[in-house]
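Read through the structure below, which is laid out as structure tokens, and then see the notes.
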Amino acid sequence: MNETTAYPGTTERITFPDGDHLTISVEIPGHVEVAGHLAGEDVGMSLRSDVALEDGRLLTIGAHDALWQLPRERGQRIGDALIAAASLAQTLADHADTSQRVALDGGHADVDVIDQHVEVTITLGERATIGLALTTGEARKIAHALMGAAHRAEVSRAMQLNLSGVETVTNLFDTAQDTGVPASALVEVIGR
């Protein structure tokens, strides 16, 4: 009789009557850990979730290029466990880093995803702390407005530069690096 013991969402241990066993677990978002003993060999590997998903698919259908050549029932059991773990690992990776800190002059902004909202907390030294809870639509509109304003400010800064010597792509990128003005803003001013 085969025995499978699952621990909620992170580890699955599969054992077979002949002593073969595998532990398939998700310890790092985006990766699936596989360890145990199978077909006379010790197994220990870490697979990216996309690779684990493909290997699981190949095992479940008994493909000749599967990770291991196993009896169909074993391949299906292991493949199903790999697919489940890969799905969990990818979900964890997709949601692993839902916060970001952005350095500002004299402070920082923390941007966090809370449920279906975006929370922005801006701290400027001892001067002020401002917090906003935004819907995703509001966050997109503000981001779009900020990107547009930042681009216009960069173009304005580029207009103050003497760009007469910028004749090649190399000159363009050297000027962008030296001045801190993005090459796209420089190209826009040169084209006028």
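For the single chain, residues carry numbers from 1 onward in sequence order.
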Roughly how far, to the nearest 0.5 Å, is [atom2] of [Y] from [atom1] of [X]?
| X | Y | atom1 | atom2 | value |
| --- | --- | --- | --- | --- |
| Gln90 | Leu53 | CD | CG | 9.0 Å |
| Leu88 | Ser25 | CG | OG | 10.5 Å |
| Ile122 | Asp110 | CD1 | CG | 10.0 Å |
| Glu188 | Met159 | CD | CE | 9.0 Å |
| Ile130 | Leu124 | CD1 | CG | 6.5 Å |
| Asp20 | Glu41 | CG | CD | 10.5 Å |

For Asp112 and Val118: C-alpha separation, side-chain torsions, deciding distance, then whether side-chain contact (heavy atoms from CB on, under 4.5 Å) applies. CA-CA 6 Å; Asp112 299 296; Val118 177; over 6 Å; no

Strictly distance-based, threshold 3.5 Å: is any side-chain N or O of [X] a donor or acceptor partner for the main-chain N or O of [Y]?
| X | Y | value |
| --- | --- | --- |
| Arg140 | Thr135 | no |
| Thr179 | Thr175 | yes |
| Gln177 | Asp174 | no |
| Ser156 | Arg152 | no |
| Thr60 | Arg57 | yes |

Report the C-alpha separation of Thr121 and Leu132 in whole Å, then their side-chain angles, then the decisive distance to 0.1 Å, and conclude whether the side-chain contact (heavy atoms from CB on, under 4.5 Å) test is met. CA-CA 6 Å; Thr121 305; Leu132 297 171; over 6 Å; no

Verify the distance criterion only: is there a donor paired with an acceptor across the side chains of Asn171 and Thr168 at less than 3.5 Å?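 Yes.
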
Strictly below 4.0 Å, N to O, side chains only: are Arg74 and Asp18 in salt-bridge contact?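 Looking at Arg74 and Asp18, the cut-off is met.
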
Should Lys141 and Leu134 be marked as a side-chain contact (heavy atoms from CB on, under 4.5 Å) after you check the CA-CA gap, both sets of side-chain angles, and the distance that decides it? CA-CA 10 Å; Lys141 288 177 187 176; Leu134 305 166; over 6 Å; no

Write down the atom of Gln69, the atom of Ala63, and the distance for their closest heavy-atom approach.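 Shortest heavy-atom separation between Gln69 and Ala63 comes out as NE2-O, 3.5 Å.
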
